[in-house]
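This report concerns only the one structure given below.
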Amino acid sequence: QVQLVESGGGLVQAGGSLRLSCVASGRTFSNYRVAWFRQAPGMEREFVAAISWSGFSSYYADSVRGRFTTSRDNAKKTVYLQMNSLKPEDTAVYYCATGPGGVRDTDLGGFSYWGQGTEVTVSP
């Protein structure tokens with residue numbers, strides 16, 4: 001069993017930065033890839049980024065590639081999402097999720113565990 005807790009969301013102006021954290025409990029966390037998803041009001045949840053269990057591989061949605069970076073510290077059981085050059089269209093609730101699989105396996109059904117989400121609002 002793995003529990004995930006996100007933090008770091010908030011209100012930021014366009015062009016600004018935020019760093020989200022996802023802290024896990026459970027001993028199998030280090031064996032799983034971790035992904036970030038987001039869901040804007042009235043929209044479906046969409047994939048943002050993923051990082052392999054080792055941290056050596058990552059994968060990003062086209063909409064965030066070059067602006068967002070994900071990293072992990074397995075000793076701290078924490079995964080980060082550094083978000084730079086934020087745009088109003090990045091406004092959403094951001095979720096981390098984990099489970100076995102590769103970083104390019106982005107289907108929501110492929111993730112066994114989800115956090116409760118943290119809200120990010122980017123003002124124009």
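All values below come from the heavy atoms of this structure, side chains included, with hydrogens, waters and symmetry mates left out.
Of the listed residues (F68, F47, W36), just one forms a ring-ring contact (aromatic ring centres under 6.0 Å, His included) with Y59, and that residue is F47.
No side-chain donor-acceptor contact under 3.5 Å links R38 to the backbone of A92. Judged by distance alone, with hydrogens and angles left aside, the side-chain atoms of R65 form a donor-acceptor pair with the main-chain N or O of Y60 at under 3.5 Å. A donor-acceptor pair is defined here as one N or O able to donate and one able to accept, closer than 3.5 Å; no such pair exists between the side chain of E44 and the backbone of Q39. In terms of modelled atom types and a separation under 3.5 Å, the side chain of N84 and the main chain of G16 share no donor-acceptor contact. Side chain of R19 to backbone of Y80: no donor-acceptor contact under 3.5 angstrom is found. Listed for the R33 side chain is a donor-acceptor partner under 3.5 Å among the backbone atoms of G99.
Between the CD atom in Q116 and the OG atom in S7 there is a gap of 8.5 Å [rounded to 0.5 Å]. Atom-to-atom distance recorded for C22:SG and K77:NZ is 12.5 Å, nearest 0.5 angstrom. Note that OH of Y113 is 9.5 Å distant from CG of L4, once rounded to the nearest 0.5 Å. Note that the CZ atom of R45 and the CG atom of L108 stand 6.5 Å from one another [nearest 0.5 Å].
Pairing each heavy atom of T98 with each of Y32, the nearest pair is OG1-CB, 3.1 Å. Across every non-hydrogen atom of L81 and A49, the tightest pair is CD1-CB, 4.2 Å. Between S17 and Q82, the shortest heavy-atom contact is CB-NE2, 3.9 Å.
Looking at heavy atoms from C-beta onward, V120 lies out of side-chain contact with T91 at the 4.5 angstrom threshold. In this structure, V122 and L11 have side chains that are not in contact, with every pair of non-hydrogen atoms separated by 4.5 Å or more. R104 is not listed as a side-chain neighbour of S57, based on a closest heavy-atom distance of 4.5 Å or more. Contact of the T121 side chain with the V12 side chain is not registered, since no non-hydrogen atoms from C-beta on lie closer than 4.5 Å.
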(Q) What verdict does the side chain to side chain contact (heavy atoms under 4.5 Å, CB included) test give for K76 and N74, after you've listed the backbone C-alpha separation in whole Å, the side-chain angles of each residue and the deciding distance to 0.1 Å? (A) CA-CA 5 Å; K76 295 182 178 180; N74 285 338; over 6 Å; no
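Connection of F111 to V103 is established within a shared hydrophobic cluster, with ILVMFWY side chains joined at heavy-atom distances below 4.5 Å, either directly or through further cluster members. I51 and Y94 fall within a single hydrophobic cluster, where Ile, Leu, Val, Met, Phe, Trp and Tyr side chains are chained together by heavy-atom contacts under 4.5 Å. Placement of V79 and V48 within a single hydrophobic cluster is found when ILVMFWY residues are connected by side-chain heavy-atom separations under 4.5 Å, directly or transitively. V34 and V93 are members of different hydrophobic clusters when ILVMFWY side chains are connected at heavy-atom separations under 4.5 Å. M83 and V64 fall within the same hydrophobic cluster, where Ile, Leu, Val, Met, Phe, Trp and Tyr residues are linked whenever their side-chain heavy atoms come under 4.5 Å apart, directly or through other members.
Using a 30° and 60° split on the angle between ring planes, W114 and F37 fall in the tilted class, from 30° to 60°.
Residue E89 places its CD atom among more than 12 non-hydrogen atoms of other residues, nucleotides or ligands, all under 6.0 Å distant.
With hydrogens and angles left out, the side-chain atoms of Q3 and S25 include a donor and acceptor closer than 3.5 Å. In this structure, a donor-acceptor pair under 3.5 Å is absent between the side chains of D73 and T78.
Between K87 and D90 no salt bridge is recorded (no basic side-chain N to carboxylate O distance below 4.0 Å).
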